[in-house]
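Below, all heavy atoms of this structure are taken into account, side chains as well, without hydrogens, waters or symmetry copies. This is a predicted model, so every value here is computed, not measured.
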Amino acid sequence: MAEHLLSTAVHRTMPGNYVRPEAQRPRLAEVVSGAPIPVVDLACPDRAAAVAAIGAACRSHGFFQVLNHGIDDGLIAEVMAVAREFFRLPAEEKAKLYSDDPARKIRLSTSFNVRKETVHNWRDYLRLHCHPLDQFVPDWSSNPPDFKETISRYCREVRALGFRLYAAISESLGLEASYMEETLGEQEQHMAVNFYPPCPEPELTYGLPAHTDPNALTILLMDQDVAGLQVLHAGRWVAVNPRPGALIVNIGDQLQALSNGEYRSVWHRAVVNSDRERLSVASFLCPCNDVVLGPARKLVTEETPAVYRSYTYDEYYKKFWSRNLDQEHCLELFRT
């Protein structure tokens, strides 16, 4: 099955099944390159100011960068190094983890959902379930030798950061600091280690097309040297250029629902380039499958009625995966 992976060969010509129709191409020349993405310093001594900045970013962009997030720079460098080493493993080694079954909790795959797609995306990815770690780590790759230990440490750190951000996001909405964490239940944690090889014709395809995230909160470790993430803001695609040492945070669909539409889970995409490979590590915090979700009661008033009906995360996630990635915002299917 390894022949399906892009990372097992050098590509000098563009395979036809990766070429998007003219109307669906990324139009890279039209992307805004210099627009700032909000930055929040988590070491700010004025907590109220930091909380307000997070709330403003969630309203305006749905994305923000965090500095002084508490995850050691050395660990971050190790994560990127071991991830890159994984994708450089021989094809026969990577083939041990390959699967195109979206239900598999640990798998190496390509594109997004190759069982359903007519046009593929220019990426390979390693999908890992990360909580509870002792349940999943034994089935992770043992090659490279330090993969399990390095990624485990990062998973613990990024989960703790996510819960700190939940508290600030809750407060920014006027809710109790514990609201998000308690409402979302015993949360699952997933990771996607994304590898985007050099592409012969970047104008014709995507690493990932425009989509929103179905989970609650995403924390992204971006390649500092190779840009690729773009966010839709004010009707235009904006390139995200990370600050040194920053992590990128974005609101997922579930936090848009809990905020009664006040905070935004926005469209974003990954593009590729012809010269260099690119790597990113996305960590997803996901509600418990059977938890009932919907707007926080405190945010529903006569003036601001409920925008979304109640549903379980399991219902939402199945609906999200039954569609194509770039169809209408999945939350539209859950409006009152």
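- With Ser109 contributing its side chain and Tyr98 its backbone, the two residues share no donor-acceptor pair below 3.5 Å.
- In terms of modelled atom types and a separation under 3.5 Å, the side chain of Asp73 and the main chain of Gly245 share no donor-acceptor contact.
- A donor-acceptor pair is defined here as one N or O able to donate and one able to accept, closer than 3.5 Å; no such pair exists between the side chain of Lys105 and the backbone of Phe136.
- Side-chain atoms of Tyr154 and Glu149 form no donor-acceptor pair, as typed in the model, at a separation below 3.5 Å.
- A salt bridge is absent between Glu203 and Arg20: the closest approach of a Lys/Arg side-chain nitrogen to an acidic carboxylate oxygen does not fall below 4.0 angstrom.
- Between the side chain of His190 and the backbone N or O of Leu285 there is no donor-acceptor pair closer than 3.5 Å.
- Side chains of Gln135 and His129: a donor-acceptor N/O pair is absent below 3.5 angstrom, by distance only.
- Using a distance-only test at 3.5 Å, with no hydrogens or angles considered, a donor-acceptor pair links the side chain of Gln256 to the main chain of Ser265.
- Under a 3.5 Å cut-off, the side chain of Thr205 and the backbone N or O of Tyr18 do form a donor-acceptor pair.
- Ionic pairing of Glu277 and Arg84 is present here: one or more N-O contacts between side-chain nitrogen and carboxylate oxygen are shorter than 4.0 angstrom.
- A side-chain N or O of Asn250 and one of Asp213 form a donor-acceptor pair less than 3.5 Å apart.
- A donor-acceptor pair under 3.5 Å is absent between the side-chain atoms of Lys94 and the main chain of Arg88, judged by distance alone.
- Each side chain to side chain donor-acceptor pair (under 3.5 Å) pair with one or both residues in residues 278-292, not counting sequence neighbours, appears once here: Asn194-Ser280.
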ring-ring contact (aromatic ring centres under 6.0 Å, His included) for Tyr308 and Phe334? Distances and angles first, verdict last. CA-CA 6 Å; Tyr308 305 106; Phe334 292 84; 8.5 Å; no
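- In terms of modelled atom types and a separation under 3.5 Å, the side chain of Arg104 and the main chain of Leu97 share no donor-acceptor contact.
- Arg269 and Gln230 share a donor-acceptor pair across their side chains, judged by distance under 3.5 Å alone.
- A heavy-atom distance below 4.5 Å is found between the side chains of Pro209 and Asn121.
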Stepwise salt bridge (Lys or Arg N to Asp or Glu O under 4.0 Å) test for Glu176 and Arg297: CA-CA 12 Å; Glu176 294 293 324; Arg297 288 184 182 178; over 6 Å; no
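- Ring geometry, Tyr316 versus Tyr313: the interplanar angle falls under 30°, so the pair is classed parallel (tilted spans 30 to 60°).
- Side-chain N or O atoms of Arg107 include none that pairs as donor or acceptor with a backbone N or O of Leu126 at under 3.5 Å.
- Screening residues 218-243 for ring-ring contact (aromatic ring centres under 6.0 Å, His included) gives His61-His233 as the qualifying pairs, with residues at least two apart or on separate chains.
- Note: His11 and Trp122 have perpendicular aromatic rings, judged against thresholds of 30 and 60 degrees for the angle between ring planes.
- A salt bridge between Glu262 and Lys298 is absent, with no side-chain N of the basic residue lying under 4.0 Å from a carboxylate O of the acidic one.
- Other residues sharing a hydrophobic cluster with Ile248 under the 4.5 Å side-chain heavy-atom criterion for ILVMFWY residues are Val32, Ile37, Phe63, Leu220, Met222, Leu229, Val231, Val238, Val240, Val266.
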Could you go step by step and tell me if Lys318 and Glu315 meet the salt bridge (Lys or Arg N to Asp or Glu O under 4.0 Å) rule? CA-CA 5 Å; Lys318 286 176 179 174; Glu315 179 188 1; over 6 Å; no
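- Glu117 places a side-chain N or O within 3.5 Å of a backbone atom of Phe112 that can act as its donor or acceptor partner.
- Between Glu332 and Arg335, at least one side-chain N (NZ, or NE/NH1/NH2) sits under 4.0 Å from a carboxylate O, which counts as a salt bridge.
- Between Tyr125 and Phe195, the distance separating the two ring centers is not shorter than 6.0 angstrom.
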